[in-house]
Visitor: 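Okay, here's the structure, questions in a sec.
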Amino acid sequence: MTQLRSYLGLGAALVTVLLSGCAVGNVYDFRYIPPDRPTAELSPRVVVFFEVEDLRKDIVSGDEPKSWVGEQRGGYGNPFTVKTSDGKAFAEVVQSAIRRDLESLGLKVEEVDVKAAASAGAVAEKIRGSEGDLGLQVKMLVYNSNTYVNIDMEWDFQLVVFDSAGKILYDDHVEGRQTIDGSYWNSPKAAKAKVPPAFYRVLHDMIVGNRELLEALGSDGGEVTGTKKCTVDQILSMKESGLNDDQIRAACGESGV
């Protein structure tokens, strides 16, 4: 029995070492991944993209650096900070990815290194001063990847679209949680490989896959074109072939069902 306890203790110690040995000093390399071909294209317009505001509580409180991405946990569950590989503020990573997704829709993006002002008049002045048609404000309220064995990722972004008079055309939160399979033997390596692509998918769905946002960006003289849509006969045919509602929506777009 004593020998069994020794083996169990050794096994537990080994697991702890495996889980914690690479938990310290991890960084994630966020290299932009081009999105799939958009399902919609917008009429050419100039969007003034205000500076992304990082309002995550750990950043606002000063508990974490601006390059903070999340945590990698050691063998006892103790968290260690994970940052961007180049030390760049994570809000800049978000800004760059959103700009490229907007450009993939046919929009011209003018970035301004100031946050959207509180008053409609100030927002309108900044948009018109940049010869823009619309303004886009993005607030990052939550983003965190938390890895022990599997990877838990959560996010909450607020997006606001303004017209050239400063009127709000769209204001909504895009939030969610996701658990990604990690690795029991080398969870830091798995997280390094899986977190950046998962992050880009979240932003891509938030912009290119966000029908209401696209309608706001295509309003006031512009229009959304090229969106998928199916006829009733096509939908019935797909149902008869055994496709479920989610698959039909993917094929036709939300408005097609």
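Since the structure is predicted, the reported quantities are computational estimates derived from the model, not experimental observations.
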Visitor: Test of understanding: with side-chain hydrogen bond (donor to acceptor under 3.5 Å, both in side chains), list the residues that count as partners of D205, not counting sequence neighbours.
Guide: none
Visitor: Might you confirm whether atom CD of E125 has over 12 heavy atoms from other residues, nucleotides or ligands at distances under 6.0 Å?
Guide: no
Visitor: Give the intermediate values and the outcome of side-chain contact (heavy atoms from CB on, under 4.5 Å) for residues V138 and F157.
Guide: CA-CA 7 Å; V138 176; F157 293 91; 4.2 Å; yes
Visitor: Please determine whether a side-chain nitrogen of the Lys or Arg among D58 and R56 lies less than 4.0 Å from a carboxylate oxygen of the Asp or Glu.
Guide: no
Visitor: side-chain contact (heavy atoms from CB on, under 4.5 Å), that's the test. Do L213 and M206 meet it? Break it down for me.
Guide: CA-CA 8 Å; L213 175 69; M206 182 174 80; 5.9 Å; no
Visitor: Going by salt bridge (charged side-chain N to carboxylate O under 4.0 Å, His left out), name the pairs with one or both residues in residues 136-156, residues two or more places apart or in two chains.
Guide: E154-R177
Visitor: Got a sec, which residues hit side chain to side chain contact (heavy atoms under 4.5 Å, CB included) with A116, two or more places apart in sequence or on another chain?
Guide: F50, Q137, F162
Visitor: Can you name the residues that form a side chain to side chain contact (heavy atoms under 4.5 Å, CB included) with D86, not counting sequence neighbours?
Guide: T84, K88
Visitor: Going by side-chain hydrogen bond (donor to acceptor under 3.5 Å, both in side chains), name the residues that satisfy it together with S61, two or more places apart in sequence or in a different chain.
Guide: D63
Visitor: Please round to the nearest 0.5 Å and tell me the distance separating atom CD of E110 and atom CZ of R99.
Guide: 11.0 Å
Visitor: Run the side chain to side chain contact (heavy atoms under 4.5 Å, CB included) test against V202 and tell me which residues pass, sequence neighbours left out.
Guide: M153, W155
Visitor: Would you say R100 and S104 are linked by a side-chain donor-acceptor pair, where the criterion is simply a distance under 3.5 Å?
Guide: no
Visitor: Name the one of R73, Q72, K192 that satisfies side chain to side chain donor-acceptor pair (under 3.5 Å) with S187?
Guide: Q72
Visitor: Does atom CD of E103 have more than 12 heavy-atom neighbours from other groups under 6.0 Å away?
Guide: yes
